[in-house]
Amino acid sequence: RVAQVRGTALRVAADADAASAERLDALKLLGHGATTAEERDALCRIAVDAPADDIRAAALAAVARQTDPDVATRLLSPWQRTAPAARAAVINLLLGREEWATALLHAVKDKRVAAQELSLTDRQRLAESSSAALKQLAADTFPPASTSSRAEVLQQYASVASLPGN
């Protein structure tokens, strides 16, 4: 009986033509306990493809309850068609688990996700991770910017002072 209810909820949640309220109710039922690969796939697809913010947020909440390391792959593989409005929320979700954050950093290194899509706060969060491996991967992915002393910068642009004016 539970499997039947979950199956119905999955069909309603995935139905783009269903009423928004019905989809939201269905999404609240999904993602609890042991989930099937089909359910995880659908939740990840809805989280990145749904045009409505509330539907995407509900799908992401259901995805956040998952423990499968493959969730990151499911969220990152369609990255190019992920709604721009959803990307920050997906990144925030992926940063919540070490194995998901690792997958995100590999996607950045492989240029499947643009480095600038991770905010400075996100980068700081990675740099301060309790995992030494994640910290190192973040350092390799986002090397520190070159810091020049004030004197070096002034010397570099010293010739500007001798340029003719208007």
How close do [X] and [Y] get, heavy atom to heavy atom, and via which atoms?
| X | Y | value |
| --- | --- | --- |
| L76 | V113 | CD2-CG2, 3.9 Å |
| A58 | L27 | CB-CD1, 3.7 Å |
| D53 | A85 | OD1-CB, 4.4 Å |
| T35 | R40 | O-NH1, 2.7 Å |
| R23 | V12 | CG-O, 3.5 Å |

Can you tell me if [X] uses its side chain to pair, donor with acceptor, with the backbone of [Y] under 3.5 Å?
| X | Y | value |
| --- | --- | --- |
| Q66 | V71 | no |
| D41 | E38 | no |
| Q80 | R112 | yes |
| S162 | S159 | yes |

ILVMFWY cluster membership beyond L154 - transitive side-chain contacts under 4.5 angstrom
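Besides L154, the hydrophobic cluster comprises nothing; the residue is isolated.
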
Sequence-distant partners of [X], salt bridge (charged side-chain N to carboxylate O under 4.0 Å, His left out), two or more places apart:
| X | value |
| --- | --- |
| R87 | E117 |
| D17 | none |
| D25 | none |

Side chain to side chain contact (heavy atoms under 4.5 Å, CB included) involving [X] - partner list, sequence neighbours excluded:
| X | answer |
| --- | --- |
| A9 | A26, L29, L30 |
| S77 | none |
| K109 | L137, D140, T141 |
| A83 | R56, A86 |

Of all residues at least two apart in sequence or in a different chain, which pass the side chain to side chain donor-acceptor pair (under 3.5 Å) check with [X]?
| X | value |
| --- | --- |
| Q155 | none |
| T36 | none |
| R11 | T8 |

Looking at [atom1] of [X] and [atom2] of [Y], how far apart are the two atoms once the value is rounded to the nearest 0.5 Å?
| X | Y | atom1 | atom2 | answer |
| --- | --- | --- | --- | --- |
| S119 | Q124 | OG | CD | 10.0 Å |
| H32 | E39 | NE2 | CD | 9.5 Å |
| L95 | L126 | CG | CG | 5.0 Å |
| I46 | L60 | CD1 | CG | 10.5 Å |
| L105 | R123 | CG | CZ | 10.5 Å |

So [Y] and [X], do their side chains get closer than 4.5 Å, heavy atoms only?
| X | Y | value |
| --- | --- | --- |
| E22 | D15 | no |
| W79 | V48 | no |
| L104 | L118 | yes |

Test L75 against every option in D70, L93, T82 by the side-chain contact (heavy atoms from CB on, under 4.5 Å) rule and name the one that passes.
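Of the listed residues D70, L93, T82, the side-chain contact (heavy atoms from CB on, under 4.5 Å) partner of L75 is L93.
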
Other residues, nucleotides and ligands only: do more than 12 of their heavy atoms fall within 6.0 Å of NZ on K28?
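Atom NZ in K28 is not packed in, count stays at 12 or less.
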
Dump the intermediate steps for side chain to side chain contact (heavy atoms under 4.5 Å, CB included) on D68 and R74, then the final yes or no.
CA-CA 10 Å; D68 185 355; R74 287 181 170 104; 3.3 Å; yes

If a pair satisfies side chain to side chain donor-acceptor pair (under 3.5 Å) and one of its residues is in residues 94-105, list it, with sequence neighbours excluded.
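Qualifying pairs: E98-S131.
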
